[in-house]
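Scroll down for the structure; my scribbles are underneath it.
As a basis for the values below, the full set of heavy atoms in this structure was taken, side chains included, without hydrogen atoms, waters or symmetry mates.
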Amino acid sequence: MDIKQLQDLYSASDFNIKWAKHCLERMQERDISINDVASCLKTGEIIEDYPDDFPYPSCLIWGYAQNNKILHIVVGSNGNTIFFITAYYPNTVKFEKDLKTRKGH
């Protein structure tokens with residue numbers, strides 16, 4: 001996946017954006033706003049790629065929420081639409097200090 005393509009899809013139109021129910025529920029639980037997710041996408045970089053995900057390829061993006069905290073979002077895309085799958089603030093339990101590198105990799 002390409003971060004620029006995902007950013008362009010997000011900017012193009014609200015019709016190209018789909019939110020998984022799971023994503024919206026987790027965002028509410030974790031006090032993450034839609035603007036935080038947008039900020040993460042705009043400032044982000046792809047740190048893990050999942051080309052074989054179903055129904056569409058997806059990736060893990062590392063970026064910044066509006067409060068400048070590091071945020072992870074998982075998005076998928078069919079090339080025309082961006083699908084937001086989940087969003088969370090990473091921690092050093094699963095990631096190294098850079099919050100980009102998954103422990104054990």
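Note that CD1 of Ile46 is 10.0 Å distant from OG of Ser58, once rounded to the nearest 0.5 Å. The distance from atom OG1 of Thr101 to atom CD of Glu48, rounded to the nearest 0.5 Å, is 9.0 Å. The CG atom of Leu41 sits 6.5 Å away from the CG atom of Leu6 when rounded to the nearest 0.5 Å. The CG atom of Leu71 sits 6.5 Å away from the CG atom of Asp36 when rounded to the nearest 0.5 Å. Considering CD1 of Ile73 and CD1 of Ile82, their distance stands at 6.5 Å, rounded to 0.5 Å. In this structure, the separation between NZ on Lys4 and CG on Leu9 is 10.5 Å, given to the nearest 0.5 Å.
The backbone N or O of Lys69 sits less than 3.5 Å from a side-chain atom of Asn67, completing a donor-acceptor pair. Looking at Arg30, its side chain does come within 3.5 Å of a backbone N or O of Ala87 through a donor-acceptor pair. Side-chain atoms of Lys103 come within 3.5 Å of backbone N or O of Thr92 as a donor-acceptor pair.
Between Ile17 and Trp19, the shortest heavy-atom distance links the atoms CG2-NE1, 3.3 Å. Residues Ser33 and Gln66 come closest through the heavy atom pair OG-OE1, 4.0 Å. Contact between Asp49 and Met1 at its shortest, heavy atoms only, is OD2-N, 3.1 Å. The minimum heavy-atom distance linking Tyr50 with Leu60 is given by the pair OH-CB, 3.6 Å. Shortest non-hydrogen contact noted between Gly44 and Gln7 is O-NE2, 4.3 Å. Minimum heavy-atom separation, Met27 to Ile34: CE-N, 3.6 Å.
Ile85 places none of its side-chain heavy atoms less than 4.5 Å from the side chain of Cys23. For the pair Tyr64 and Ile70, the minimum side-chain heavy-atom distance is below 4.5 Å.
If you run side chain to side chain donor-acceptor pair (under 3.5 Å) between Glu25 and each of His22, Gln28, Lys21, only Lys21 comes through.
Note: Phe83 and Tyr56 have parallel aromatic rings, judged against thresholds of 30 and 60 degrees for the angle between ring planes. Aromatic ring orientation, Phe84 versus Tyr10: perpendicular (interplanar angle above 60°, classes split at 30° and 60°).
No more than 12 heavy-atom neighbours from other residues, nucleotides or ligands sit within 6.0 angstrom of CG on Asp31. With a 6.0 Å radius and a threshold of 12 heavy atoms from other residues, nucleotides or ligands, Lys100 has its NZ atom above the threshold.
Criterion: ILVMFWY side-chain heavy atoms under 4.5 Å apart, direct or through other members. Under it, Leu24 and Ile32 are part of a common hydrophobic cluster. Under the 4.5 Å side-chain contact rule for hydrophobic residues, Ile61 and Phe95 do not share a cluster.
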